[in-house]
Each structure stands twice: as structure tokens, then as C-alpha cells.
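Heads up, the thing below is written out as C-alpha cells.
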Amino acid sequence: MTTITHGRAALSPRTRLPKKQPRPQGSGRVSTYLRETPKKSICTLGRSAQLTTDVIRYALLGVVKLRLPAYEIADQMWSLLKVTTLPALLMAVPIGAEVSVQVGGLMNQVGANSLAGAASGLGVVGQGAPMAAGLLMSGAAASAIASDLGARAIREEIDAMRVMGVDPVERLVMPRFIAMIAIAPMLCIVIIAAGVAAGLVISARVNDVVPGSFWQSFGAFATPTDLAFSVLKSLLFAGIVVLIASLRGLEAKGGPKGVANAVNASVVLSVFCIFLTNLLVSQLQMMFFPARLA
């Protein structure tokens, strides 16, 4: 029941709305953040582990039962290659050239031009190629996956698939995971080939290094173990990128802004995890396979 007072309706005591609780400010907001953030981080790690388990399980079951979606995997491979191959070449040439220029100037001063190939072997094969492949996948491929799955999530296609009894992890995430794992070694090899070729051209044309000497020192320092660890790093980076981008895309909410936030988070987290994984794998390589002349 309302009463009219000076042209405005006044609510009776029984119908008055409750007052809003004040938002925590200052130290209260900081304490709330410190209390809630670890819980959310642990929950995110748990969901990531569950997603990883589901993807690997579906992939193994598909291989055993010969029920892999070959057409979907091929389509995803082509889509990912289109957005990563050309940038891979464009990144590989400056990496190889920069290593040759920086190291070549120092080697000219000490009279060790014959070791120019060793710099390309250790720099491009050991660290440059897998890191470039990982950053490409985290920048181009992760944004494509997160935006695609995020758009499906805000259009409620993911919920509709669950209602119909279709697991979106098996239908959407698993083909992208296999496709990324398949193209990761290709990107790594392409970057190694282009980077070493650029280093050879710079060494021969600028630093007056004999090509035979370049290849001799390259083969002496770059071993098959380095190539194997480089490909292994690219495979680990590919799996990390797909899982992070898929999790963020599937959990996107809030319209187009939510999709943009999912893409941003997937790229940032992928880059951070790639650098951390590269450090760990490099340390393991140095522990069990120390550098030595081939």
C-alpha cells in the first residue's frame, strides 16, 4: 500500500527494499582478494587437469576403436597451418640472421669465424626454433581456438550439445588437440630450416665464412639430441596451448566482452606456461644430456 506525499509515491514500511551492502574497500578488498584468489586458482588447476584427462582419454579411445574424426582433424590442421606457417617463416629468418650477426661480430674479433655454424646450431636449434613455434601457437592458434569455442559458448551451443548428449570435449577439443600436436613438429622443422639458412647466408655474405666451415661446426655442436628435444618442446607447447585456449573458450561468458577476455587470458597464460616449460625441459636436458661435441 502506498501513500502520495508531494507528488511522489512513498513505500510503506512493509514494502521497502533492503539496503545494499557496502562493497569492501581498502584493506577489506585486499583481504578478500587474497582469500578468494588461491581458491579460484586451485579450482582452475583442477578443471585443467580434468580437461587434460578427458582429451587424452578420448584421443586414445579414438585411436583404439578407429573412430577418430579424420575429416575434422584434417580441417583443423589446415586452419591452424594457414595462420601459423607464414608467420613462422617470417620469424625464423630474423632469428637466424640476428644470431649470425651478433655472434659473427664477436667471432671476427677473436678470429674464430669457423665457429659461426655452432652459434646457429646452439641458438636456433636448441632454443630459438621451439620458442618461436610456441609463441606462434600461443599467439595465432590459441586466439583462434579460444575465439571459436568462446563464440559457441556465448551462443549456448556448448550447453545445447550437452543437452543432446554430445560431449563438447570429444567433439570440439579433441580434434583441435590432435591437429595441433600434428602440426607442431612441422612448424619447428620449418623454423629450424629457415633460421639456419638465413644464418648461413649472413655468415657467408657478411662475415666471409666458408660454407663448408659453417656446416662442419654446425654438425659438431648441433646433435640429434638437440633436434629431438626441440621437437619435444614444440609438442609440449602445442598441448599446453590447446588445453589453455579450450578451457578459457568453453568457460567464456558475458557476451562479446567475455570472448575477448577469454582470448586475452589464453594468450597470456600460454606464453607464461611456454617460458616455464622451456626452462624446465632445458634444465632436464642439461642434467641428463650435457652439451658435448658430436
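Only this structure's heavy atoms are used, side chains among them; waters, hydrogens and symmetry mates stay out.
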Intermediate values then yes/no, salt bridge (charged side-chain N to carboxylate O under 4.0 Å, His left out), Arg162 and Asp167: CA-CA 6 Å; Arg162 292 193 177 101; Asp167 192 343; 5.7 Å; no
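- Its side chain outside the 4.5 Å cluster rule for every partner, Ile42 clusters with none of the Ile, Leu, Val, Met, Phe, Trp and Tyr residues.
- In this structure, the separation between NZ on Lys257 and CD1 on Ile154 is 13.5 Å, given to the nearest 0.5 Å.
- Under the side chain to side chain contact (heavy atoms under 4.5 Å, CB included) criterion, Ser282 pairs with Gln127, Lys233, Asn278, sequence neighbours left out.
- Transitive grouping of hydrophobic side chains (ILVMFWY, heavy atoms separated by less than 4.5 Å) keeps Val64 and Leu66 in distinct clusters.
- We find the CG-CD1 distance between Leu235 and Ile240 to be 11.0 Å, quoted to the nearest 0.5 Å.
- In this structure, Asp226 contributes its side chain and Thr223 its backbone to a donor-acceptor pair below 3.5 Å.
- Among residue pairs with one or both ends in residues 78-89, none qualify as side-chain hydrogen bond (donor to acceptor under 3.5 Å, both in side chains); sequence neighbours excluded.
- Counted within 6.0 Å of CD on Glu36, heavy atoms from surrounding residues, nucleotides or ligands total more than 12; the atom is thus considered enclosed.
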Which pairs would a plain distance check flag for residues 245-253, meaning a side-chain donor or acceptor within less than 3.5 Å of a matching protein atom at least two apart in sequence or in another chain?
unit_1: Ser246; atom_1: OG; unit_2: Val242; atom_2: O; d: 2.7
unit_1: Glu251; atom_1: OE1; unit_2: Arg47; atom_2: NH2; d: 3.3
unit_1: Glu251; atom_1: OE2; unit_2: Arg47; atom_2: NE; d: 2.5

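- Counting all heavy atoms, side chain and backbone alike, Leu51 lies closest to Leu243 at CD2-O, 3.6 Å.
- A donor-acceptor pair is defined here as one N or O able to donate and one able to accept, closer than 3.5 Å; no such pair exists between the side chain of Ser266 and the backbone of Ile244.
- Taken together through direct or relayed side-chain contacts under 4.5 Å among Ile, Leu, Val, Met, Phe, Trp and Tyr, Leu232 and Phe288 form part of one hydrophobic cluster.
- No more than 12 heavy atoms of other residues, nucleotides or ligands lie within 6.0 Å of CZ in Arg67, so this atom counts as exposed by the packing criterion.
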Determine all donor-acceptor pairs shorter than 3.5 Å in which one atom belongs to a side chain in residues 132-144; sequence neighbours excluded.
unit_1: Ser138; atom_1: OG; unit_2: Gly134; atom_2: O; d: 3.2
unit_1: Ser138; atom_1: OG; unit_2: Leu135; atom_2: O; d: 2.9
unit_1: Ser143; atom_1: OG; unit_2: Gly139; atom_2: O; d: 2.8
unit_1: Ser143; atom_1: OG; unit_2: Ala140; atom_2: O; d: 2.8

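- Note: Trp215 and Phe218 have perpendicular aromatic rings, judged against thresholds of 30 and 60 degrees for the angle between ring planes.
- Contact check for Ile73 versus Arg176: no side-chain heavy atoms found under the 4.5 Å cut-off.
- The structure places CE of Met131 at 5.5 Å from CZ of Phe237, a figure rounded to the nearest 0.5 Å.
- In this structure, Val271 is a member of the same hydrophobic cluster as Leu80, with clusters built from ILVMFWY side-chain heavy atoms closer than 4.5 Å.
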Show me, pair by pair, the donor-acceptor contacts under 3.5 angstrom made by side chains of residues 180-202, not counting sequence neighbours?
none

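- Taking all atoms of both residues into account, the shortest heavy-atom contact from Pro168 to Ile158 is CG-CG2, 3.9 Å.
- Distance check: Thr44 OG1 to Leu269 CG gives 9.0 Å after rounding to the nearest 0.5 Å.
- Cluster annotation: Phe229 and Leu284 are assigned to the same hydrophobic cluster (Ile/Leu/Val/Met/Phe/Trp/Tyr, side-chain heavy-atom contacts under 4.5 Å, transitive).
- Residues Gln285 and Pro290 form no side-chain contact, since every pair of their non-hydrogen atoms from C-beta on lies 4.5 Å or further apart.
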Run Phe177 and Tyr58 through ring-ring contact (aromatic ring centres under 6.0 Å, His included) and show every step you take. CA-CA 11 Å; Phe177 179 82; Tyr58 284 130; over 10 Å; no
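- Hydrophobic cluster membership is shared by Val63 and Val55, with clusters built from Ile, Leu, Val, Met, Phe, Trp and Tyr side chains linked at under 4.5 angstrom.
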Between Met174 and Leu68, is a side-chain contact (heavy atoms from CB on, under 4.5 Å) present by the stated rule, with each step listed? CA-CA 9 Å; Met174 187 264 290; Leu68 287 176; 4.0 Å; yes
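- A pairwise comparison of heavy atoms in Ile178 and Ala59 identifies CD1-CB, 4.2 Å as the closest pair.
- Looking at Glu72 and Leu172, their side chains never come closer than 4.5 Å, going by heavy atoms from C-beta outward.
- Judged purely by atom type and a 3.5 angstrom limit, Ser230 has no side-chain atom pairing as donor or acceptor with the backbone of Leu227.
- Proximity of a side-chain donor or acceptor of Thr277 to a complementary backbone N or O of Ile274 within less than 3.5 Å is not detected.
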